[in-house]
Amino acid sequence: KDLVERVSQFFSTMDKLIRGMQLYEGTGPLVERLLGDTFNRLEKLVVEQEVTAKITPVGAMFMEQPMSEKSSAPKYLFQLYCDGVREVSFIEGITEDEIIRFAQILNTDHKDSMSDMVTALWKEEFKGIRYYAVDSLGAQVDVEVDSSLVSKKNDQLTSVDAGEEM
């Protein structure tokens, strides 16, 4: 129960950091203090164990408990869910730099850009943050491509190309 409360406090602190970044354009003493608070809370948590939160349409969940007040889940978590992220894990060794880069991704409006949050997360190559995502059709996205599936896909494409004309 204590762990759930501390993880909830971390998510609350992370939300304050992101709101501070929105208000102060990502810089300034307040953002630095909020980053320090967020990092300190998380660093204490991940020393004990990896922290994995499920991302749902209504916000983050940890051990089946919501991490934000009912009806007050931040919209960036909903966008994270819409972009296909289903879990986010924070691992021992995470750095302040990774937290601020993660917060910047959550703080960015990806609707106007060519990439979504999953692509932005992938580009960052985080060491202390892992995520599980599904593609737009609901299949698991895996870094290691199953070669047999690729060959079956290529066979299907070849058979479509060799089909009869109507």
Side-chain angles (χ1 to χ4, degrees), residues 1-23 26 30-111 113 115-146 149:
K1 186 74 175 167
D2 177 52
L3 180 61
V4 172
E5 178 63 28
R6 290 186 300 136
V7 172
S8 180
Q9 289 171 350
F10 158 70
F11 274 95
S12 175
T13 306
M14 179 68 129
D15 186 50
K16 288 176 186 172
L17 170 62
I18 291 168
R19 286 186 286 138
M21 290 170 67
Q22 290 168 346
L23 284 172
L30 178 66
V31 172
E32 289 175 22
R33 184 179 60 78
L34 292 169
L35 173 60
D37 291 349
T38 303
F39 177 71
N40 290 335
R41 283 190 190 276
L42 185 58
E43 189 177 42
K44 289 174 187 165
L45 285 170
V46 296
V47 165
E48 297 173 30
Q49 72 178 56
E50 180 176 305
V51 174
T52 299
K54 291 190 182 306
I55 305 300
T56 72
V58 293
M61 304 277 286
F62 179 75
M63 296 179 76
E64 308 300 322
Q65 298 296 314
M67 293 294 101
S68 56
E69 307 291 320
K70 287 181 173 53
S71 78
S72 71
K75 75 175 192 175
Y76 56 82
L77 289 178
F78 180 70
Q79 187 60 50
L80 196 62
Y81 177 83
C82 289
D83 285 353
V85 176
R86 297 297 180 263
E87 286 183 358
V88 175
S89 299
F90 301 96
I91 304 160
E92 187 173 8
I94 189 168
T95 64
E96 270 193 26
D97 181 60
E98 287 181 309
I99 292 173
I100 197 74
R101 289 184 293 137
F102 181 69
Q104 286 167 340
I105 290 170
L106 297 179
N107 192 29
T108 300
D109 185 1
H110 294 275
K111 291 177 186 164
S113 70
S115 67
D116 58 10
M117 286 188 179
V118 174
T119 304
L121 290 167
W122 174 74
K123 285 179 179 178
E124 289 296 327
E125 299 180 358
F126 291 118
K127 302 286 186 250
I129 301 172
R130 282 198 315 251
Y131 57 92
Y132 167 80
V134 295
D135 70 12
S136 60
L137 298 176
Q140 180 177 348
V141 175
D142 197 345
V143 175
E144 295 177 21
V145 179
D146 185 344
L149 289 177

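Looking only at side-chain heavy atoms (C-beta outward), E48 and R6 come within less than 4.5 Å of each other. Within the 4.5 Å cutoff, no side-chain heavy atoms of L35 are placed close to those of M21. Counting only heavy atoms from C-beta outward, the side chains of I105 and T108 never approach each other to under 4.5 Å.
Residue-environment remark: CD (Q49) exceeds the threshold of 12 foreign heavy atoms within 6.0 Å.
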What do the steps show when you test F62 against V51 for side-chain contact (heavy atoms from CB on, under 4.5 Å), and what is the final call? CA-CA 8 Å; F62 179 75; V51 174; 4.0 Å; yes
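The line from CE of M14 to CG of L106 is 6.0 Å long, rounded to the nearest 0.5 Å.
Applying the ring pair (Phe, Tyr, Trp, His ring centres under 6.0 Å) test to F11 and every residue at least two apart in sequence or in another chain returns nothing. S8 meets the side chain to side chain donor-acceptor pair (under 3.5 Å) test with no other residue; sequence neighbours excluded.
Side-chain atoms of D83 never come within 3.5 Å of backbone atoms of D116 as a donor-acceptor pair (strictly under, hydrogens ignored). Judged by distance alone, the side chain of N107 and the main-chain N or O of A103 form no donor-acceptor pair under 3.5 Å. Not a single donor-acceptor pair under 3.5 Å links the side chain of R86 to the backbone N or O of T56.
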Anything under 3.5 Å between a donor and an acceptor, one on a side chain of residues 87-96, the other on a protein residue two or more places apart or in another chain? List them.
from : atom 1 : to  : atom 2 : distance (Å)
E87  : OE2    : K54 : NZ     : 3.4
S89  : OG     : T52 : OG1    : 2.7
T95  : OG1    : E98 : N      : 3.1

